[in-house]
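Notes to accompany the following structure.
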2 protein chains.
Amino acid sequence: MDVKTLCLGVLTMGEASGYDIRQYFEKGPFSHFCQAGYGSIYPALAKALDEGLVTCRTESQGGRPDKKMYTITETGEAHLKARLHQPLTPDRIRSDYLVSFLFGGMIEPEHLAKVYDDYHKAFADNAALLSSLECDGVSPGRMFVRELGITMYSSVAKHLSDNREQFLTSVHSGEKS
Amino acid sequence: MDVKTLCLGVLTMGEASGYDIRQYFEKGPFSHFCQAGYGSIYPALAKALDEGLVTCRTESQGGRPDKKMYTITETGEAHLKARLHQPLTPDRIRSDYLVSFLFGGMIEPEHLAKVYDDYHKAFADNAALLSSLECDGVSPGRMFVRELGITMYSSVAKHLSDNREQFLTSVHSGEKS
DNA sequence: GAAAACATATATCAAATCGATATATATCAA
DNA sequence: TTGATATATATCGATTTGATATATGTTTTC
């Protein structure tokens, strides 16, 4: 799912600027399972405009750079719908933290404990964040991914709580690498 | 954590070729939380060799291209260890499936059900795969990430089982987008 | 009340990564 | 024997990442 298609997805929820779209990927419900920065969003929007998948309206604002508001076209919706019916690539997780745990034996015990606690906090915080989200008038799809996220984050957070001492002691008991 | 550093990590477990390293990232315990293809591994090894982080030994084989066996150096180990004590970037999940569920209203019911079942199968399979792994003589770090993976995969698989009908009906009950 | 920090807004660029392809041979299955 | 899969290295275009540049408004802190 390339960034262009993801932008189309965001635009089905209403007119938005490149900056707005970035917010969806950084905060918002999207951020937990797809990311994109300005460096990919702006080129993607330019290409989408070029291909007639979106239209653009420039909104002048006092002082600040003009806001370019994008709206999805029928062609754009058709493109998104078609893409959603094509084969999907498997999920991909990138975790420096799990790599670190794998090589935990090479890390100073105090530092490893700190990293572990940070990791636990991140999962606990994400679970809490999703739980606190407003649910009124939210689409069933959004509701579903929210609940799946809560399940995932909280089960991992619990596992990390339950196995903290066991891991931190075993990883530094008389072995290398 | 760039590919060069990840390669060093693999090499702490013993001498390996670029092809071998690829296997670790495609199958093996690594594949679940970091990925890398030939296009990033070979350049990374060349750079690591250039910087003295690894040494290289060419193994001739009848017919097939020569095998280049890489070994991590002390400098390489120091580099890896230093990296493991530096700040880590947060985990990142990319899921076309969750994007699809978010826009489930735009997908034909039969197709959405198929996608859903594929997704469930992927999690169930991964949980089973990790559970079936040999544990004799495995390092505590490897053991830990394996168990965390089992927890994560099976909790999500269970959630997907438990909420299948609810999701598939609600997403197509009189609404758009 | 001034200074610093943060938010709004677009855009570009080098470096890293991804995904596909090329090359060559061995081995295993139909 | 034909085709598919595995071993092995390597490159290349396209995409993505992460940082930076530019310019101004708003909010917080000293």
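Numbered from 1 within each chain, the chains take letters A, B, ... in sequence-line order.
- Per the geometry, CE belonging to B:M69 stands 9 Å off P belonging to D:dA8, to the nearest Å.
- Checked against a 6.0 Å centroid threshold, the rings of B:Y24 and B:Y19 do not count as neighbours.
- As a whole-Å value, the separation of B:M1 CE from C:dA15 C1' is 19 Å.
- Partners of A:Y97 under the ring-ring contact (aromatic ring centres under 6.0 Å, His included) rule, at least two apart in sequence or in another chain, are A:Y119.
- The distance between the ring centers of B:Y116 and A:F144 falls below 6.0 angstrom.
- Taking the nucleotide of DNA chain D with the nearest heavy atom to each of B:D66 and B:T89, the more 5' of the two is matched to B:D66.
- Using a 4.0 Å cut-off, no side-chain N or O of B:S17 falls inside it from OP1 or OP2 of D:dT7.
- The CZ atom of B:R22 sits 15 Å away from the P atom of C:dT17 (whole-angstrom rounding).
- For the 3.5 Å distance criterion, the side chains of B:D66 and B:T58 fail to qualify, holding no donor opposite an acceptor.
- Rounded to whole Å, the distance from OH on A:Y19 to C1' on D:dT22 is 15 Å.
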Applying the Watson-Crick and G-U criteria (both distances under 3.5 angstrom) with [ ] for crossing and | for other-strand pairs, one obtains for DNA chain C ||||||||||||||||||||||||||||||
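- Between A:D20 atom CG and C:dA9 atom C1' the separation is 10 Å, expressed in whole Å.
- Using a 4.5 Å heavy-atom threshold, the side chains of B:H32 and A:I93 count as separate.
- B:I21 places its CD1 atom 13 Å from the C1' atom of D:dA8, with the value rounded to the nearest Å.
- Within residues 90-98 of chain B, the residues approached by DNA chain D to less than 4.0 Å at the level of any non-hydrogen atom are B:R92, B:R94, in residue-number order.
- If you take CG of A:D2 and C1' of C:dA20, they are 16 Å apart, rounded to a whole angstrom.
- A salt bridge links B:E108 with A:K81: the closest approach of a Lys/Arg side-chain nitrogen to an acidic carboxylate oxygen falls below 4.0 angstrom.
- Within 6.0 Å of the CD atom in A:E74, the count of heavy atoms belonging to other residues, nucleotides or ligands does not exceed 12.
- Across the protein-nucleic acid pair, B:K67 atom NZ and D:dA6 atom P stand 16 Å apart, rounded to whole Å.
- In this structure, B:K4 and A:Y70 both approach DNA chain C, and ranking their closest nucleotides by distance from the 5' end singles out A:Y70.
- Annotation: salt bridge (Lys or Arg N to Asp or Glu O under 4.0 Å) contacts involving residues 29-55 of chain B, sequence neighbours excluded, comprise B:K4-B:E51.
- Using a 4.0 Å cut-off between charged nitrogen and carboxylate oxygen, A:K114 and A:D118 count as a salt-bridge pair.
- Residues satisfying the side chain to side chain contact (heavy atoms under 4.5 Å, CB included) criterion with B:Q35, sequence neighbours excluded, are A:R92, A:R94.
- Remark: B:R164 engages B:D117 in a salt bridge, criterion side-chain N to carboxylate O under 4.0 Å.
- Within residues 36-49 of chain B, the residues having any heavy atom under 4.0 Å from DNA chain D are, by residue number, B:Y38, B:G39, B:Y42.
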